[in-house]
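Here the structure comes first, spelled out in structure tokens, and everything after it is commentary.
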Amino acid sequence: MMITRYWIAFIVVLSCLLGVLDASAGDADPRYRACVKKCEETGCIGQRCFPQCKFSSEGVSIEGPWYMQEPLYLRWKQWDCQSDCRYYCMLDREKEREASGNGPVKYHGKWPFKRVYGIQEPLSVAFSALNLAMHFHGWLSFFILLYYKLPLKQEKKAYYEYASLWHIYGLLSLNSWFWSAVFHSRDVDLTEKLDYSSAVALLGYSLILAILRSFNVRNEAARVMVTAPLLAFVTTHILYLNFYTLDYGWNMKVCVVMVVAQLLLWAIWAGVTHHPSRWKLWVVVVAGALAMLLEIYDFPPYQGFLDAHALWHATTIPLTYIWWSFIRDDAEFLSSNLLKKTK
């Protein structure tokens with residue numbers, strides 16, 4: 001959802017600046033490091049062995065490509081020797097820590113999640129998928145409202161002048177949540193870049209949309225003047241992340257600027273407008289901000305599944321419904337005003 005994704009970017013940046021995010025204490029543990037090293041050399045952890053860790057003297061897998069050694073439904077996940085060694089060493093080390101009365105720690109920047117059918121963070125995947133479904137429902141109901149319930153112009157076009165902009169927003173939201181689900185399924189370089197790129201694209205476009213709607217920009221030339229420089233910047237930034245370097249610090253700075261700008265625009269507009277559904281906008285902004293406390297007070301996954309980030313994904317599901325409800329109300333409100341003027 002647009003507003004809540006703004007808050008997540010802002011809070012993450014703030015957390016990084018304040019040093020809230022926990023360092024990866026787990027992968028600095030000598031016992032964990034020794035376990036991973038031995039696993040990569042022998043291909044085994046205790047009685048558990050991994051075929052993808054069996055290499056010839058030339059470094060080639062003895063039993064063929066690793067993705068041909070597993071069931072079809074697991075081949076997509078790209079678990080290699082190092083990944084499996086890290087995962088099972090992490091589980092063993094966490095059992096030892098729990099037995100000695102110590103709490104979980106992060107490994108390589110992530111909490112110790114338990115896989116389900118090869119999925120790295122199953123609840124985050126499920127909630128991302130539900131967010132995607134909620135956006136699809138919202139966009140579809142918006143489409144039906146415009147073209148089947150509200151009056152249309154003679155050329156079968158909607159009276160609502162922001163219709164095409166919200167259609168694009170809907171598609172970008174679906175794309176963003178889809179790659180969020182994929183990324184939480186398996187964190188590799190490709191899925192990470194696709195998730196970051198789709199999120200940046202959504203944030204950049206949402207800033208354009210916030211400017212156009214809050215300032216009620218209807219003239220096509222003026223819209224192009226607003227859109228062109230921002231679109232050029234966002235496109236350049238995405239290309240920079242994908243083909244030069246994935247600079248997390250710079251990316252977060254870019255995101256936080258877009259986040260703050262959009263939040264200010266929507267908050268100021270909600271405060272000065274006489275829109276009949278402005279309360280829905282306030283609910284989304286305030287509730288989204290409160291939900292982001294989950295990102296500040298990060299906690300390890302309960303039973304290896306439910307962490308603060310997954311819980312945040314869950315809270316955005318009802319907020320997405322309210323957000324699309326506001327968009328539909330906005331379409332009805334402006335369409336009604338335009339129809340009154342034409343009579």
When rounded to the nearest 0.5 angstrom, what distance separates [atom1] in [X] from [atom2] in [Y]?
X	Y	atom1	atom2	result
Asn242	Ser197	CG	OG	3.5 Å
Ser206	Arg213	OG	CZ	15.0 Å
His184	Leu123	NE2	CG	11.0 Å
Thr315	Asn131	OG1	CG	8.5 Å
Arg31	Asp92	CZ	CG	10.5 Å
Ile45	Glu40	CD1	CD	9.5 Å

Are [X] and [Y] side-chain neighbours, meaning at least one heavy-atom pair lies under 4.5 Å?
X	Y	result
Thr320	Trp177	no
Tyr321	His137	yes
Lys37	Arg33	no
Val200	Val234	yes
Lys193	Asp189	yes
Leu265	Ile211	yes
Tyr160	Glu332	no
Arg48	Tyr88	yes

Closest approach of [X] and [Y], non-hydrogen atoms and distance?
X	Y	result
Tyr159	Pro151	CD1-O, 3.3 Å
Leu203	Cys255	CD1-SG, 3.9 Å
Thr273	Arg278	O-CD, 3.4 Å
Val125	Ala181	CG2-O, 3.5 Å
Ala261	Leu207	CB-CD1, 3.8 Å
Phe299	Leu306	CE1-O, 3.7 Å

### Task
Applying side chain to side chain contact (heavy atoms under 4.5 Å, CB included), run through His108 and Asp187 and close with a yes or a no.
CA-CA 11 Å; His108 307 282; Asp187 178 3; over 6 Å; no
Quick one: does [X]'s side chain have a donor or acceptor within less than 3.5 Å of a partner on [Y]'s backbone?
X	Y	result
Tyr205	Leu165	yes
Thr236	Ala232	yes
Arg328	Phe142	no
Thr316	His313	yes
Ser198	Leu194	yes
Arg97	Pro104	no

### Task
Check step by step if disulfide bond (SG atoms under 2.5 Å apart) holds for Cys81 and Cys39.
CA-CA 9 Å; Cys81 177; Cys39 174; 5.5 Å; no
I'd like to know if [Y] and [X] are part of one continuous hydrophobic network [Ile/Leu/Val/Met/Phe/Trp/Tyr, side-chain heavy atoms within less than 4.5 Å].
X	Y	result
Leu231	Tyr196	no
Phe243	Leu241	no
Met134	Ile168	yes
Leu130	Leu140	yes
Ile208	Leu281	yes

#### Entry: Qualifying residues under ring pair (Phe, Tyr, Trp, His ring centres under 6.0 Å), relative to Phe215, sequence neighbours excluded
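Counting only residues at least two positions away or on another chain, Phe215 forms no ring pair (Phe, Tyr, Trp, His ring centres under 6.0 Å).
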### Residues forming a ring pair (Phe, Tyr, Trp, His ring centres under 6.0 Å) with Phe326, sequence neighbours excluded
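Phe326 satisfies ring pair (Phe, Tyr, Trp, His ring centres under 6.0 Å) with His275, Trp323 only.
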### Message
For Tyr147 and Phe143, take the angle between the two ring planes, folded into 0 to 90°, and tell me which bin it lands in: parallel under 30, tilted 30 to 60, perpendicular over 60.
### Response
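Tyr147 vs Phe143 ring planes: tilted.
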### Query
Is the closest basic N to carboxylate O distance between Asp247 and Lys253 below 4.0 Å?
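Salt bridge between Asp247 and Lys253, a charged N being under 4.0 Å from a carboxylate O: no.
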### Query
Is the closest basic N to carboxylate O distance between Glu96 and Arg93 below 4.0 Å?
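Salt bridge present between Glu96 and Arg93.
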### Message
If you apply the rule ring pair (Phe, Tyr, Trp, His ring centres under 6.0 Å), what do you find for Tyr169 with Trp324, and how did you get there?
### Response
CA-CA 11 Å; Tyr169 165 74; Trp324 276 105; 5.7 Å; yes
### Message
Evaluate Cys85 against Cys35 for disulfide bond (SG atoms under 2.5 Å apart), listing each step before the verdict.
### Response
CA-CA 8 Å; Cys85 286; Cys35 175; over 6 Å; no
### Query
Lys157 pairs by side chain to side chain contact (heavy atoms under 4.5 Å, CB included) with which of Glu155, Gln154, Glu161?
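Filter result, single survivor: Glu155.
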### Query
Is atom NZ of Lys156 surrounded by more than 12 heavy atoms (other residues, nucleotides or ligands) closer than 6.0 Å?
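Open.
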### Task
Might you confirm whether atom CZ of Phe136 has over 12 heavy atoms from other residues, nucleotides or ligands at distances under 6.0 Å?
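No, because the 6.0 Å sphere around CZ of Phe136 holds 12 heavy atoms or fewer from other groups.
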### Query
Given Ile317 and Phe127, is the side chain to side chain contact (heavy atoms under 4.5 Å, CB included) satisfied, shown in steps?
CA-CA 8 Å; Ile317 296 169; Phe127 293 143; 4.2 Å; yes
### Stepwise side chain to side chain contact (heavy atoms under 4.5 Å, CB included) check, Ser277 with Asp330
CA-CA 8 Å; Ser277 297; Asp330 188 51; over 6 Å; no
### Query
Can you list the steps and then say if Thr191 with Gln120 is a side chain to side chain contact (heavy atoms under 4.5 Å, CB included)?
CA-CA 12 Å; Thr191 58; Gln120 198 165 359; over 6 Å; no
#### Entry: Polar side chain donor-acceptor pair, Ser100 to Asn102, under 3.5 angstrom
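Side-chain D/A pair, Ser100 to Asn102: present.
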### Task
Verify whether one side chain among Trp250 and Tyr240 offers a donor that lies under 3.5 Å from an acceptor in the other.
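Side chains of Trp250 and Tyr240: no pair found under 3.5 Å.
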### Query
For Tyr87, is the NZ or CZ atom of Arg186 found under 6.0 angstrom from the centre of its six-membered ring and inside 45 degrees of the ring axis?
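Here Arg186 fails the 6.0 Å and 45° test against Tyr87.
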